[in-house]
Amino acid sequence: MKKVFSKLKNLIPSKRKLIQLYAALLFNANIKGFFNGKIYKGASKNICAPGLNCYSCPGAVGACPLGSLQNALGSSQHRAPFYVIGILLLYGLLLGRFICGFLCPFGLIQELLYKIKTPKLKKNRVTKILSYLKYVILVLLVVVVPLLYTLVDKAVPAFCKYICPAGTFEGAIGLLSNEANASELARLGPLFTWKFFLLISIAVGSVFIFRLFCRFLCPLGAIYGLFNHFSVFGIKLEKQKCTDCGLCVSKCKVDIRHVNDHECINCGECIEVCPTNAISWKGSKIFLPPNEIDVKAVSEYSSEEEKALADAQKQEHLARNAKITKRNNIIKIVVACVMVGVLAFALIYYNFIDKPTEAPLPEPPDQPIEDNSPPVGNKVGNTCYGYDMEVFDENGKTGEMFNPANNKGKITIINFWGTWCGGCKNELPYFDQIATEYKDTVTVVAVHTHLDFENGNPPAADYVNEHYKDSDMIFTKDNPIDPSSKFSYDYYFKLLGGGDAYPITIILDEDGVIIFAKYEEMTYNELKTIVDEQLSK
């Protein structure tokens, strides 16, 4: 019976686990996103959550600080990095790696995997050396690569793109597992295969190695570790009480060299094993512990007066301790109530109150089609929907209109892009090259989203003036479905099957029939092959 109760007790989550679960739910309060397969795009997405929580997770209500940092460093907006770095400084100075131990959803996932009953690999000299790998990843993939690609006007958030398992699990799998995003499976390629393999490897490794990703690969933990010594909250060591017994280091599952160094995730397990109470929480004086008094044994008192005085002192201290304990309990109850209230409000707000509605896609415009032509639609084999879009050049809007459906007699390549989209800017030179090489037989129309068209990241006309002033491409601007909404989707983008991500490319034959559609970046060889095959018919 004792063994049964012991096992049941082990199933009860610790206070830290409850806080981790609470944080994971709070930062992913958009529960309806898991059911409708849509990413939340409200105002709170402009704020970074403290832990590693992918922006593209269907439940996420905030941005990932690591992804935001990479995008900011690769952005042409010079103020963006200062905003994100300021957020990271704030989190670091307040909490340090307390965030890793208590507030990171991906850290919780690894700890749950580690609970699976298997032989465990304990920390050793090799794991201590590997713990520095995350600093190499921080410097190279989070900072250097995005900055280098900025020089050639490309945005490459290298860590998110090539490594981040949180993005693969929370973002890609979280979205693709929903039937509403079944069409997005066409985007999958070698890069997703690599990241999926990496995710599985980290997940399996986390069963045997405590917090494998956090200890060896996470650049966000590397950043927060730099603030551990200075953070307002976390673990502290009183050196005058420390006897250097080493129990704290041996108890710790991560590769610390001493309490609260850059590897410490502030889990607090070392507090319980310290024989001299030298380790405690920073700010713990808020919850004053009951006073301990040294009352002599009754036999040591020489008179009744001394015994009475000692007894009075003892009663006074007991009364004071009772008041402190009562006050601490009240504070804990108030804090717990506030936390539950905040979580309840978040769940109600994001799932029932905050309902950013997108205007329904208007009926496609009527367009006459020739006899025996395929029906109008947005699938391969359909006659492509037509739509009049305003042409712009390096000087801005020209007043001219262009409709891809009317471009009969030439192959038409429709590319949807935006200046804020790194992948779009990466592939645009290939479209420019095709437009030049095949200008007599191919028309390339680059349809810029209405978002940030007039100002922002940077204005589309300014970008064209800087990079494609003499291009043979035709640049047009899409229009919002709902002109009254700042975050409205683009009409023609949605009409031709666009989802939540750019870029997409649609290719029409000489009769305006769709012969190819791709919902990710294109290469020059892909474009050339399709054009040559069509021209050879």
* Donor-acceptor pair, Thr398 side chain versus Val391 backbone, under 3.5 Å? -> yes

* Is it true that the NZ or CZ of Lys397 lies under 6.0 Å from the centre of Phe392's six-membered ring and within 45 degrees of the ring axis? -> no

* **side chain to side chain donor-acceptor pair (under 3.5 Å) involving Tyr438 - partner list, sequence neighbours excluded** => Lys528, Asp532

* Keeping the roles fixed (side chain from Lys134, backbone from Ser131), state whether a donor-acceptor pair exists under 3.5 Å. => yes

* Taking the six-membered ring for Trp and the single ring otherwise, decide whether the centroids of Tyr502 and Phe493 are under 6.0 Å apart. => yes

* Does one side chain, of Tyr40 or Asp354, offer a donor that lies under 3.5 Å from an acceptor on the other? -> yes

* Between Phe227 and His262, ring centroids under 6.0 Å -> no

* Sole candidate of Leu141, Leu147, Val142, Leu148 that passes side-chain contact (heavy atoms from CB on, under 4.5 Å) when paired with Val144 -> Leu148

* **Modelled atom types, side-chain donor and acceptor of Lys122 and Asn124, under 3.5 Å** => no

* Is Lys45 positioned over the aromatic face of Tyr55, cation under 6.0 angstrom from the ring centre and no more than 45 degrees off axis? -> yes

* Decide yes or no on side-chain contact (heavy atoms from CB on, under 4.5 Å) for Thr168 and Leu198, but give the supporting numbers first. => CA-CA 9 Å; Thr168 308; Leu198 191 61; over 6 Å; no

* Asked: Side chains of Asp261 and Asn228: donor-acceptor distance under 3.5 Å anywhere?
  -> no

* For Thr523 and Glu526, indicate whether the former's side chain and the latter's backbone hold a donor-acceptor pair under 3.5 Å. => yes

* Asked: Are any of the side-chain nitrogens in Lys128 or Glu263 under 4.0 Å away from the carboxylate oxygens of its partner?
  -> no

* Asked: Quick one: does NZ or CZ of Lys120 land under 6.0 Å from the six-membered ring centre of Phe210, within 45 degrees of the ring axis?
  -> no

* Asked: For Phe169, does the CZ atom have more than 12 heavy-atom neighbours from other residues, nucleotides or ligands under 6.0 Å away?
  -> no

* Is a donor on one side and an acceptor on the other found under 3.5 Å between the side chain of Asn178 and the backbone of Phe35? -> yes

* Heavy atoms of other groups near Lys494 NZ, more than 12 under 6.0 Å -> yes

* Residues in side-chain contact (heavy atoms from CB on, under 4.5 Å) contact with Asn351, at least two apart in sequence or another chain -> Asn30, Ile31, Lys32, Leu347

* Assess whether atom OH of Tyr524 is packed by more than 12 heavy atoms of other residues, nucleotides or ligands within 6.0 Å. => yes

* To do: Answer yes or no: is there a donor N or O on one side and an acceptor on the other, between the side chain of Gln110 and the main chain of Ser206, under 3.5 Å?
  => no

* To do: Go through the steps to decide whether Phe213 and Leu52 satisfy the test side-chain contact (heavy atoms from CB on, under 4.5 Å), and finish with yes or no.
  => CA-CA 11 Å; Phe213 174 74; Leu52 194 72; 3.4 Å; yes

* Where does the angle between the aromatic ring planes of Tyr491 and Tyr387 fall among parallel (under 30°), tilted (30 to 60°) and perpendicular (over 60°)? -> tilted

* Let me see the working for Lys123 and Val254 under side-chain contact (heavy atoms from CB on, under 4.5 Å), right down to the final yes or no. => CA-CA 7 Å; Lys123 62 183 180 182; Val254 300; over 6 Å; no

* Asked: Sequence neighbours excluded, which residues qualify as side-chain contact (heavy atoms from CB on, under 4.5 Å) partners of Thr505?
  -> Ile413, Asn415, Glu427, Phe431, Ile507, Met522

* Structure fact -> Sorted by chain and number, sequence neighbours left out, side-chain contact (heavy atoms from CB on, under 4.5 Å) with Phe345 holds for Tyr349

* Taking atom types as modelled, is there a side-chain donor on Tyr83 or Ser68 under 3.5 Å from an acceptor on the other? -> no

* **Residue pairs involving residues 209-225 (criterion salt bridge (Lys or Arg N to Asp or Glu O under 4.0 Å); sequence neighbours excluded)** => Glu111-Arg211, Arg215-Asp255

* Judged by atom type as modelled, is there a donor-acceptor pair below 3.5 Å linking the side chain of Lys195 to the main-chain atoms of Tyr162? -> no

* Quick check: does any side chain N or O of Tyr22 sit under 3.5 Å from a backbone N or O of Met339, one acting as donor and the other as acceptor? -> yes

* Glu269: partners by salt bridge (Lys or Arg N to Asp or Glu O under 4.0 Å), with sequence neighbours left out -> Lys253

* Please check if the side chain of Ser44 supplies one atom and the backbone of Val61 the other of a donor-acceptor pair under 3.5 Å. => yes

* For Ile504 and Gly498, work out which heavy atoms get closest and say how close. => CD1-CA, 3.9 Å

* Asked: Checking Asp478 side chain against Tyr492 main chain: does a donor-acceptor pair fall under 3.5 Å?
  -> yes

* Enclosure of Lys439 NZ (heavy-atom neighbours >12, cutoff 6.0 Å) -> no

* Should the ring pair Tyr135 and Tyr132 be called parallel, tilted or perpendicular, given that the plane angle runs from 0 to 90° and is split at 30 and 60? -> tilted

* **N/O donor-acceptor pair under 3.5 Å between Asp490 side chain and Pro480 backbone** => no

* Using the ring of each side chain (for Trp, its six-membered ring), is Trp281 parallel, tilted or perpendicular to Phe102, with breaks at 30° and 60°? -> perpendicular

* So Phe475 and Tyr463, side-chain contact (heavy atoms from CB on, under 4.5 Å) or not? Walk me through it. -> CA-CA 11 Å; Phe475 290 95; Tyr463 189 85; over 6 Å; no

